[in-house]
**Student:** 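This is the structure, below, for whatever I ask next.
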Amino acid sequence: MHGGRRAAAGTAVLTALLLTAGCTSGTGDTGSGTGSGTGETPSAAGSATPAEQAGLTGDDIADICAAVPAQALELMGFPGNREPDRRCTWWENAEELPAVERALGVQVLLHGAEENATAAEAAEAAFREGDQWYSRMEVGRVEDDAWPTATDIPGLGDEARARIGEWPTGLMGSVREGELVVRHRNAILSVTATADVADARGRAREAEAPSLENVEAALVSAAVGVLTALGADPAGPAAPGRDAGEHPRAHPVCDTLADQAGTLLPGNEATDLTPGPSYAAAPGLAGCSWRVQPGSGHGHGHGHLEVRVAALAPSPLLGLSGTGMAAEQHRVWSGVENTTALDGLGDAASARRYTNEDATYRSSTVWVRQDNLLVFVEHALSPVLPAEELERRTVEVARDVLAAYA
């Protein structure tokens, strides 16, 4: 992995790799990685039958990596026949930037019987001990506990919880990440998925990254495959219906905003950030980036305008409509440090200003939600404009984006 990209987000994929053991053998009933043997004690109490006391064993999960279907890998952008590493993790890290870094990992933890509890009861108690997650999602400026979360998900094992979210970071790319934790009998399954667009710099690598919808679908696909191999019969969570007024897809951006971008950044170079054919299953994404290079002679040392639009689909894991997903995601973005609310723009809007220490570079970021649409606009210039003027220009671009959906 390429280091030093950004503070917390730069560790997102590494975190997933370290915490997704699932194909190695361990000893003990709750250690990291896969347990071996029964992990049970002969003194399991109560009236449970021997089979209930024993629960699943190491033999039951020996081939768990092979249970992850090709569909889950393909949703994350891996070849369907890609082999995992010994930790039951599929990953792709960057040697050079820009790049898309991605990871999909599975781990299964077995719990053994205790003095007054069967193996399944011990796993149930462990599952319900507070917010027990197996990865960290401290991405960008978003804290680990801020992401949209669901704790009662039908159709997956005996009980399940999930969290999923995205942090857009302008020219530095974006991070989409999620975790699904499921209990089946005495086994606790954790599936993690991360798509990290590292240092996009206005190039088209954003178009090669899995969407948030794909990340969620990969989590479900992997979990259903593993649970089936463990003897469960998971139906999978059902997707909620769409709310009235939701948009099924995002409109192209580059042509729509070409005139405005030409006015704000004369002589710019445009790059389409809309996903290509390999992600045709996620029509809800569109975007464009316009850049002026240093020394181009167009009135600024350098600058950029970046616009991304997401028409969010309903979330089976979180049980939210597309509008509900957009509202939750905007809640996360608007809660970061130095972000202020904006009135009179969409259903909800917020803005963030940044100026470097010597005031030679300034950026304005605006996030807007309207129905199930999320609009991200970032505008930066050097030499700088007054912060208020730069924000005004950024807001006007956001208004122009929303006008295409009126």
**Student:** Please confirm whether the backbone N or O of Ser350 pairs with a side-chain atom of Trp333, one donor and one acceptor, at under 3.5 Å?
**Tutor:** no
**Student:** Are any side-chain N or O atoms of Arg393 and backbone N or O atoms of Leu264, one a donor and one an acceptor, separated by less than 3.5 Å?
**Tutor:**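 Side chain of Arg393 to backbone of Leu264: a pair is present.
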**Student:** State whether a side-chain donor-acceptor pair under 3.5 Å links Asp400 with Gln260.
**Tutor:**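 Their side chains do contain a donor-acceptor pair, which is all the 3.5 Å distance test asks for.
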**Student:** Which heavy atom of Asp243 sits nearest to which heavy atom of Ser321, and what is that distance?
**Tutor:** OD2-OG, 2.7 Å
**Student:** Counting only heavy atoms not in Asp358, do more than 12 fall under 6.0 Å of its CG?
**Tutor:** yes
**Student:** If I compare all heavy atoms of Ala222 with all of Val68, which pair ends up nearest, and what's the gap?
**Tutor:** CB-CG1, 4.1 Å
**Student:** Using the side-chain contact (heavy atoms from CB on, under 4.5 Å) rule, pick out the option among Val215, Thr192, Val191, Thr89 that qualifies with Leu104.
**Tutor:**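 Of Val215, Thr192, Val191, Thr89, side-chain contact (heavy atoms from CB on, under 4.5 Å) with Leu104 is met by Val191 alone.
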**Student:** For Val292, is there any backbone N or O sitting under 3.5 Å from a side-chain donor or acceptor partner on Asn268?
**Tutor:** no
**Student:** Is the closest side-chain donor-acceptor distance between Asp259 and Thr263 under 3.5 Å?
**Tutor:** no
**Student:** Decide, yes or no, whether a salt bridge links Glu388 with Arg353 under the criterion of side-chain N to carboxylate O below 4.0 Å.
**Tutor:**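 A salt bridge links Glu388 with Arg353.
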**Student:** Could you report the tightest heavy-atom contact between Arg242 and His247, atom names first, then the distance?
**Tutor:** NH1-O, 3.8 Å
**Student:** Check step by step if side-chain contact (heavy atoms from CB on, under 4.5 Å) holds for Leu317 and Leu219.
**Tutor:** CA-CA 9 Å; Leu317 286 180; Leu219 292 173; 4.2 Å; yes
**Student:** If only atom types and distance count, is the side chain of Asp347 paired as donor or acceptor with the main-chain N or O of Asp371 below 3.5 Å?
**Tutor:** yes
**Student:** Please test Arg128 against Glu159 for salt bridge (charged side-chain N to carboxylate O under 4.0 Å, His left out), starting from the C-alpha separation and ending with a verdict.
**Tutor:** CA-CA 10 Å; Arg128 297 184 178 184; Glu159 49 192 336; 2.8 Å; yes
**Student:** Side-chain contact, heavy-atom cut-off 4.5 Å: Leu345 with Val395?
**Tutor:**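 Side-chain contact under 4.5 Å: yes.
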**Student:** Hey, what do you get for CZ (Arg392) to CG (Leu385), rounding to the nearest 0.5 Å?
**Tutor:** 9.5 Å
**Student:** If we only count heavy atoms from C-beta on, is the Thr57 to Asp59 side-chain gap below 4.5 Å?
**Tutor:**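 Sidechains of Asp59 and Thr57: in contact.
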**Student:** Short question: side chain of Glu328, backbone of Met325 - any donor-acceptor pair under 3.5 Å?
**Tutor:**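 Side chain of Glu328 to backbone of Met325: no pair is present.
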**Student:** If we ignore hydrogens and angles and just use 3.5 Å, is the side chain of Tyr405 paired with the main-chain N or O of His251 as donor and acceptor?
**Tutor:** yes
**Student:** In Å, rounded to the nearest 0.5 Å, how long is the span from CD1 of Ile188 to CZ of Arg183?
**Tutor:**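 If I round to the nearest 0.5 Å, the distance is 7.5 Å.
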**Student:** Would you give the length of the straight line joining atom OG of Ser190 to atom CZ of Arg161, rounded to the nearest 0.5 angstrom?
**Tutor:** 9.0 Å
**Student:** Are any of the side-chain heavy atoms of Pro148 and Leu318 separated by less than 4.5 Å?
**Tutor:** yes
**Student:** Parallel, tilted or perpendicular: which fits the ring planes of Phe376 and Trp367, with parallel below 30° and perpendicular above 60°?
**Tutor:** tilted
**Student:** Is any side-chain heavy atom of Arg369 less than 4.5 Å from a side-chain heavy atom of Thr323?
**Tutor:**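 When only atoms from C-beta onward are counted, Thr323 and Arg369 do touch, with a gap below 4.5 Å.
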**Student:** Salt bridge between Glu337 and Arg352, side-chain N to carboxylate O under 4.0 Å?
**Tutor:** no
**Student:** Of Val366, Val397, Val253, Leu402, which meets side-chain contact (heavy atoms from CB on, under 4.5 Å) against Val375?
**Tutor:** Leu402
**Student:** Quick check: does any side chain N or O of His111 sit under 3.5 Å from a backbone N or O of Ala120, one acting as donor and the other as acceptor?
**Tutor:** no
**Student:** Answer whether the closest heavy-atom distance between the side chains of Tyr361 and Thr355 falls below 4.5 Å.
**Tutor:** no
**Student:** Any side-chain heavy atom of Ile164 sitting closer than 4.5 Å to one from Leu212?
**Tutor:**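 Yes. Closest side-chain heavy atoms under 4.5 Å.
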**Student:** I'd like to know if the side chain of Trp90 and the backbone of Phe78 have a donor-acceptor N/O pair within less than 3.5 Å.
**Tutor:** no
**Student:** Kindly determine whether His184 and Leu56 satisfy side-chain contact (heavy atoms from CB on, under 4.5 Å), including the steps that lead there.
**Tutor:** CA-CA 9 Å; His184 170 60; Leu56 296 167; 3.9 Å; yes
**Student:** Go through the steps for Cys88 and Gln107 under the test side-chain contact (heavy atoms from CB on, under 4.5 Å), then give the verdict.
**Tutor:** CA-CA 7 Å; Cys88 203; Gln107 79 169 346; over 6 Å; no
**Student:** Spell out, as yes or no, whether a donor-acceptor pair under 3.5 Å connects the side chain of Asn372 to the backbone of Glu246.
**Tutor:** no
**Student:** Would you find a donor on one side and an acceptor on the other, under 3.5 Å apart, between the side chain of Thr394 and the backbone of Leu390?
**Tutor:**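 Yes: the side chain of Thr394 pairs with the backbone of Leu390.
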**Student:** Which value, rounded to the nearest 0.5 Å, describes the distance between Glu179 atom CD and Arg163 atom CZ?
**Tutor:**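 Answer for the CD-CZ pair, Glu179 versus Arg163, is 5.5 Å.
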**Student:** In the structure I gave you, are the side-chain heavy atoms of Thr228 and Asp233 within less than 4.5 Å of one another anywhere?
**Tutor:** no
**Student:** May I have the step-by-step check of side-chain contact (heavy atoms from CB on, under 4.5 Å) for Leu257 and Val307, ending in yes or no?
**Tutor:** CA-CA 9 Å; Leu257 298 177; Val307 177; 3.9 Å; yes
**Student:** Rounded to the nearest 0.5 Å, how far does CZ of Phe127 lie from OG1 of Thr151?
**Tutor:** 8.5 Å
**Student:** Is the count of non-hydrogen atoms from other residues, nucleotides or ligands lying under 6.0 Å from Asp255 atom CG greater than 12?
**Tutor:**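 No - once you tally the heavy atoms of other residues, nucleotides and ligands closer than 6.0 Å, there are 12 at most.
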**Student:** Taking all non-hydrogen atoms of both residues into account, name the closest pair between Pro69 and Ser221 and its distance.
**Tutor:**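 Scanning both residues, the minimum pair turns out to be CG-OG, 3.2 Å.
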**Student:** Can you give me the closest heavy-atom contact between Val220 and Pro237, atom names plus distance?
**Tutor:** CG1-CD, 4.0 Å
**Student:** With heavy-atom distances below 4.5 Å as the criterion, would you say the side chains of Glu378 and Ser364 are in contact?
**Tutor:**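 Sidechains of Ser364 and Glu378: no contact.
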**Student:** In this structure, which one of Val224, Val181, Leu189 forms a side-chain contact (heavy atoms from CB on, under 4.5 Å) with Leu156?
**Tutor:**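 So, applying the side-chain contact (heavy atoms from CB on, under 4.5 Å) to Leu156 and each of Val224, Val181, Leu189, only Val224 qualifies.
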**Student:** Find the distance between CE (Met76) and CD (Glu92) and round it off to the nearest 0.5 Å.
**Tutor:** 10.0 Å
**Student:** Write down the atom of Pro240, the atom of Pro314, and the distance for their closest heavy-atom approach.
**Tutor:** O-CB, 3.2 Å
